Amino acid sequence: MLIRERSEELEKKILCHRASLSANARRDREEKKDPLRTDFQRDRDRILHSNSFRRLKHKTQVYIAPRGDHYRTRMTHTLEVAQIGRTMARALRLNEDLVEAIALGHDLGHTPFGHVGEQALQEVCGHFEHNEQSVRIVEKLEKEGQGLNLTGEVRDGMLNHCGKLTAHTLEGALIKYADRIAYLCHDYEDAETMGLIGPEDLPDMVKRKIGTTHSSMITALVTSVVKNSMQNEEDGIHMSKEGDEVLKTFRQFMFDEVYMSKALIPDRKRGSNVVKMLYNYYTEKRADGSFHETRLPEKQIRLAGGHIPLAAVDYISGLTDNFAINLFEDIFVPRYWTFKKE
């Protein structure tokens, strides 16, 4: 028996009856099975080794181009989602490999400057959602247009990890909670480090129910998800009504005091303007109504099937913070120069 087959047999014995089995996973393009790794393990590895994943280390979580090494980036956020997700998956006997793969891929489509960049693209091109772009990356853009050929379960979890969307697997549903728990708790810790807020500012309900430290908050919220999901397995992944109310209150507090903080507004506006001006530059038309095709990398135009606005979205959303800033300066900021008379 191959190691991969042994792992698949162990899943059938150990995981709960509603967990996703890697032996049942399907890809759009059939491939020869790996002798060592299950399909979900292969998906995890493909995401981890992708160009898009590496760029997450230089993309904003909350603070644009932060000074200091201790603030979260989009990559550290992603790793924390994976850790929280795996903890809950093991407790609930769900497929940890599927959870980890979804977690590592869920934010691949995020823009430079985080949600500021996402909103900016929405305003200039009409529609842009980072979860949809994450799926487009793994299906159409990675590996020179070949995509990563991930399983349907992983792509479904990536697509449906946010908003009112609903994943078709328990592992995908779990990531929605893992993502929210991760970003609220670690964004709170970063805001505290930055001096924006302190424990005394937290709503009373939040302090009483989940504490005032990054660690106590994660522990309480994760425990709530695990405990209530175990008690009512057929209801899926969920907290108690009280737990959801605490999470909702905590989230509203973070939006009011951190994400929309007056102290962050100047940089948010600057980041937004960078994205908007880059998009307008790449989609500007000549007098005859044609696009300036040479402004975008040829590769992006090819991957977008010649559709310039789509190529611009693909290109800009894939930029890191610093690359976007440098690109903006190259295009829009005058250079110092001296004239030498011969």
Side-chain angles (χ1 to χ4, degrees), residues 59-88 91-92 103 106-107 110 113-116 118-119 130 161-164 173-231 237-269 271:
K59 288 192 175 188
T60 290
Q61 174 59 23
V62 175
Y63 308 105
I64 297 173
R67 294 183 179 181
D69 297 329
H70 301 287
Y71 295 102
R72 270 75 173 189
T73 64
R74 189 60 59 174
M75 177 176 282
T76 52
H77 159 70
T78 294
L79 295 175
E80 291 188 32
V81 174
Q83 177 268 315
I84 290 171
R86 290 199 66 152
T87 295
M88 293 194 290
L92 295 170
H106 83 285
D107 270 357
H110 245 304
F113 317 125
H115 287 285
V116 172
E118 180 177 27
Q119 184 175 354
H130 76 273
H161 78 270
C162 58
K164 296 182 179 180
L174 183 147
I175 286 297
K176 181 177 285 191
Y177 269 112
D179 181 36
R180 184 164 292 188
I181 291 170
Y183 76 69
L184 288 176
C185 295
H186 64 52
D187 289 352
Y188 164 76
E189 185 178 50
D190 279 356
E192 187 179 17
T193 300
M194 197 178 195
L196 274 178
I197 55 175
E200 66 280 1
D201 300 313
L202 286 166
D204 289 338
M205 174 190 284
V206 174
K207 287 188 283 190
R208 283 188 288 105
K209 297 297 181 180
I210 64 175
T212 60
T213 68
H214 174 251
S215 177
S216 70
M217 289 172 169
I218 290 178
T219 299
L221 292 171
V222 166
T223 300
S224 177
V225 173
V226 171
K227 180 179 178 181
N228 287 280
S229 298
M230 288 179 68
Q231 288 178 346
I237 306 299
H238 59 90
M239 287 182 169
S240 63
K241 290 184 178 179
E242 183 182 61
D244 278 326
E245 187 61 32
V246 171
L247 199 63
K248 181 181 178 181
T249 301
F250 188 18
R251 186 171 184 269
Q252 188 60 55
F253 165 79
M254 289 296 293
F255 268 90
D256 293 342
E257 303 299 327
V258 178
Y259 304 138
M260 304 306 295
S261 166
K262 291 182 179 179
L264 301 183
I265 287 177
D267 274 341
R268 290 173 62 90
K269 287 184 177 179

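From a predicted model like this one, the values you see are computed outputs, not experimental measurements. Below, each value reflects all heavy atoms present in this structure, side chains not excepted, and no hydrogens, waters or symmetry copies.
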- Item | Flag side-chain contact, heavy atom, 4.5 Å: H77 against D107 | yes
- Closest heavy-atom pair and its distance - L92, S229: CD2-CB, 3.9 Å
- What residues, two or more places apart in sequence or in another chain, satisfy side-chain contact (heavy atoms from CB on, under 4.5 Å) together with K269? I265
- Item | Residues Q61, Y183; criterion side chain to side chain contact (heavy atoms under 4.5 Å, CB included); working and verdict | CA-CA 9 Å; Q61 174 59 23; Y183 76 69; 3.8 Å; yes
- Listed partners of M260 passing side-chain contact (heavy atoms from CB on, under 4.5 Å), at least two apart: R268
- Message: Quick check for you: to the nearest 0.5 Å, what is the distance between I237 atom CD1 and M230 atom CE?
- Response: 11.0 Å
- Who pairs with K209 by side-chain contact (heavy atoms from CB on, under 4.5 Å), at least two apart in sequence or on another chain? M205, E242, V246
- Query: What are the two closest non-hydrogen atoms of Y177 and M239, and how far apart are they?
  - Reply: OH-N, 3.3 Å
- Message: Side chains of T249 and E245, heavy atoms from C-beta outward: is any pair under 4.5 Å?
- Response: yes
- For T78 and A103, work out which heavy atoms get closest and say how close. CG2-O, 3.4 Å
- Item | Chi angles and distances behind the side chain to side chain contact (heavy atoms under 4.5 Å, CB included) call for E257, D201 | CA-CA 9 Å; E257 303 299 327; D201 300 313; over 6 Å; no
- Once the angle between the rings of F250 and F253 is folded into 0 to 90°, is it parallel (under 30°), tilted (30 to 60°) or perpendicular (over 60°)? parallel
- Query: Distance from M194 atom CE to H70 atom NE2, nearest 0.5 Å?
  - Reply: 14.5 Å
- For V81 and A178, work out which heavy atoms get closest and say how close. O-CB, 3.9 Å
- Task: Check the pair D179 / H106 against side chain to side chain contact (heavy atoms under 4.5 Å, CB included), numbers first and verdict last.
- Result: CA-CA 9 Å; D179 181 36; H106 83 285; 3.4 Å; yes
- Message: To the closest 0.5 Å, what do you measure between NZ (K248) and CG (D244)?
- Response: 9.5 Å
- Message: Quick check: closest heavy atoms across G271 and V116, and the distance to 0.1 Å?
- Response: C-CG1, 4.2 Å
- Assess whether side-chain hydrogen bond (donor to acceptor under 3.5 Å, both in side chains) is satisfied between Q83 and T87, documenting all intermediate values. CA-CA 6 Å; Q83 177 268 315; T87 295; 3.3 Å; yes
- Query: Sequence neighbours excluded, which residues qualify as ring pair (Phe, Tyr, Trp, His ring centres under 6.0 Å) partners of H130?
  - Reply: H110, H115, H161
- Identify the two heavy atoms, one from S224 and one from S240, that lie closest to each other, and give their separation to 0.1 Å. OG-N, 4.0 Å
- Message: How long is the straight-line distance from CE of M254 back to CG of L196, given to the nearest 0.5 Å?
- Response: 9.0 Å
- Query: Do Y188 and V258 have side-chain heavy atoms sitting under 4.5 Å apart?
  - Reply: no
- Task: Examine distances only and state if a side-chain atom of D267 and a backbone atom of L264 form a donor-acceptor pair shorter than 3.5 Å.
- Result: no
- Task: Take L184 and L221 through the test side chain to side chain contact (heavy atoms under 4.5 Å, CB included) and record every step on the way to the result.
- Result: CA-CA 11 Å; L184 288 176; L221 292 171; 5.9 Å; no
Tabulate below the donor-acceptor pairs under 3.5 Å that side-chain atoms of residues 212-219 make, not counting sequence neighbours, or state none.
residue : atom : partner : partner atom : Å
T213    : OG1  : S216    : N            : 3.1
T213    : OG1  : S216    : OG           : 3.0
H214    : NE2  : R72     : NH2          : 3.4
S216    : OG   : I210    : O            : 3.0
S216    : OG   : T213    : N            : 3.3
S216    : OG   : T213    : O            : 3.1
T219    : OG1  : S215    : O            : 2.9

- Message: Please determine whether a side-chain nitrogen of the Lys or Arg among D204 and K207 lies less than 4.0 Å from a carboxylate oxygen of the Asp or Glu.
- Response: yes
- Message: For the CE atom of M88 and the CD1 atom of I175, what is their distance to the nearest 0.5 Å?
- Response: 7.0 Å
- Partner residues of Q231 under the side-chain contact (heavy atoms from CB on, under 4.5 Å) criterion, sequence neighbours left out: K227, N228
